[in-house]
Amino acid sequence: MNKLLGLSLALLALPAFAGDLRYTYMEVGYQDIELDDFNVDGDGFSIRGSFELTEDWFMIVGYQASDFDFGIDFDHAYLGAGYRMPINDRVDLFGSVAYLTADVSADGFDSIDEDGFGLTVGVRGLVTDQFELVGSIGYSDLGDGVDGTAISAGALYSFTEVFALGIEIELDEDLTAVGIGARFYFGD
């Protein structure tokens, strides 16, 4: 169970999609997940948001529930803060730190609850006014040797000023996750 919890940590580092490099939005998504070492598949939904606090600082919050083969459930949530550093008017570097909580349960076993921290650094860039690419690397640590590093990449297409759709992929040494999401901007 601890190994499964560690492998699932990569999901905690998933970056948020973006439309015009705004940092105030809510997002809902679906992920298809493969835990390579165990030949276990799963899927899940997520809801996450980002809220601009100042021109450069933002807050992040999210929750994900995933169900895997053999009756294994994984739930996690995070709350944190991030900082963006504009390179130019179309590209930002960003970083965030978050408090993490995770719960893994399986039929016939006690559940495991852990908490810890996550760090993410990445880059967001507008290819066109409607098309954005994002890439990041994230590290998560829930203590007791349960940690992981993952890389992720995504693309987002904004259909309007308030609605966008995106796709992302995340990889670590034992996990592959592919997700789709809808983003809703507000404010500004």
Quiz item: Between the side chains of Glu52 and Thr54, is a donor N or O closer than 3.5 angstrom to an acceptor N or O?
Solution: no

Quiz item: Do we see a donor-acceptor contact under 3.5 Å between the side chains of Ser46 and Gln31?
Solution: yes

Exercise. May I have the step-by-step check of side chain to side chain donor-acceptor pair (under 3.5 Å) for Ser136 and Ser152, ending in yes or no?
Key: CA-CA 5 Å; Ser136 68; Ser152 60; 2.9 Å; yes

Has the side chain of [X] got a donor or acceptor atom that lies under 3.5 Å from a matching backbone atom of [Y]?
X      : Y      : value
Asp69  : Asp41  : yes
Thr128 : Gln130 : yes
Asn88  : Arg90  : yes

Do [X] and [Y] make a side-chain contact, defined as non-hydrogen atoms from C-beta onward lying under 4.5 Å apart?
X      : Y      : answer
Tyr63  : Asp75  : yes
Phe94  : Val134 : yes
Asp43  : Ile33  : no
Asp92  : Ile87  : no
Phe117 : Leu142 : no
Tyr23  : Arg84  : yes
Ile180 : Leu165 : no

Identify whether [X] and [Y] are in the same connected component of the hydrophobic contact network (ILVMFWY, side-chain heavy atoms under 4.5 Å).
X      : Y      : value
Phe159 : Leu133 : yes
Leu53  : Tyr99  : no
Val162 : Tyr25  : no

Indicate the atoms forming the closest heavy-atom contact of [X] with [Y], along with that distance.
X      : Y      : result
Gly82  : Trp57  : O-CE3, 3.2 Å
Glu170 : Ala150 : OE2-CB, 3.0 Å
Asp147 : Asp141 : CB-CA, 4.0 Å
Ile72  : Ala106 : CG1-CB, 4.0 Å
Asp56  : Pro86  : OD1-CD, 4.2 Å

Practice problem: Decide if the gap between the ring center of Phe184 and the ring center of Phe186 is smaller than 6.0 angstrom. | Solution: no

Quiz prompt | From CA spacing to verdict: side-chain contact (heavy atoms from CB on, under 4.5 Å), Phe68, Leu35 | solution = CA-CA 9 Å; Phe68 293 91; Leu35 301 176; 3.9 Å; yes

Distance in Å, [X] [atom1] paired with [Y] [atom2], rounded so as to fall on 0.5 Å steps:
X      : Y      : atom1 : atom2 : answer
Asp103 : Ile112 : CG    : CD1   : 9.0 Å
Glu27  : Ser50  : CD    : OG    : 10.0 Å
Thr101 : Asp113 : OG1   : CG    : 6.5 Å
Phe45  : Asp67  : CZ    : CG    : 9.0 Å

Practice problem: Classify the angle between the aromatic ring planes of His76 and Tyr78 as parallel (below 30°), tilted (30 to 60°) or perpendicular (above 60°). | Solution: parallel

Self-check item: Criterion side-chain contact (heavy atoms from CB on, under 4.5 Å) on Val61 and Phe51, from CA distance to verdict
Solution: CA-CA 9 Å; Val61 61; Phe51 307 94; 3.5 Å; yes

Quiz item: Does a salt bridge link Arg48 with Glu168, judged by any charged N lying under 4.0 Å from a carboxylate O?
Solution: yes

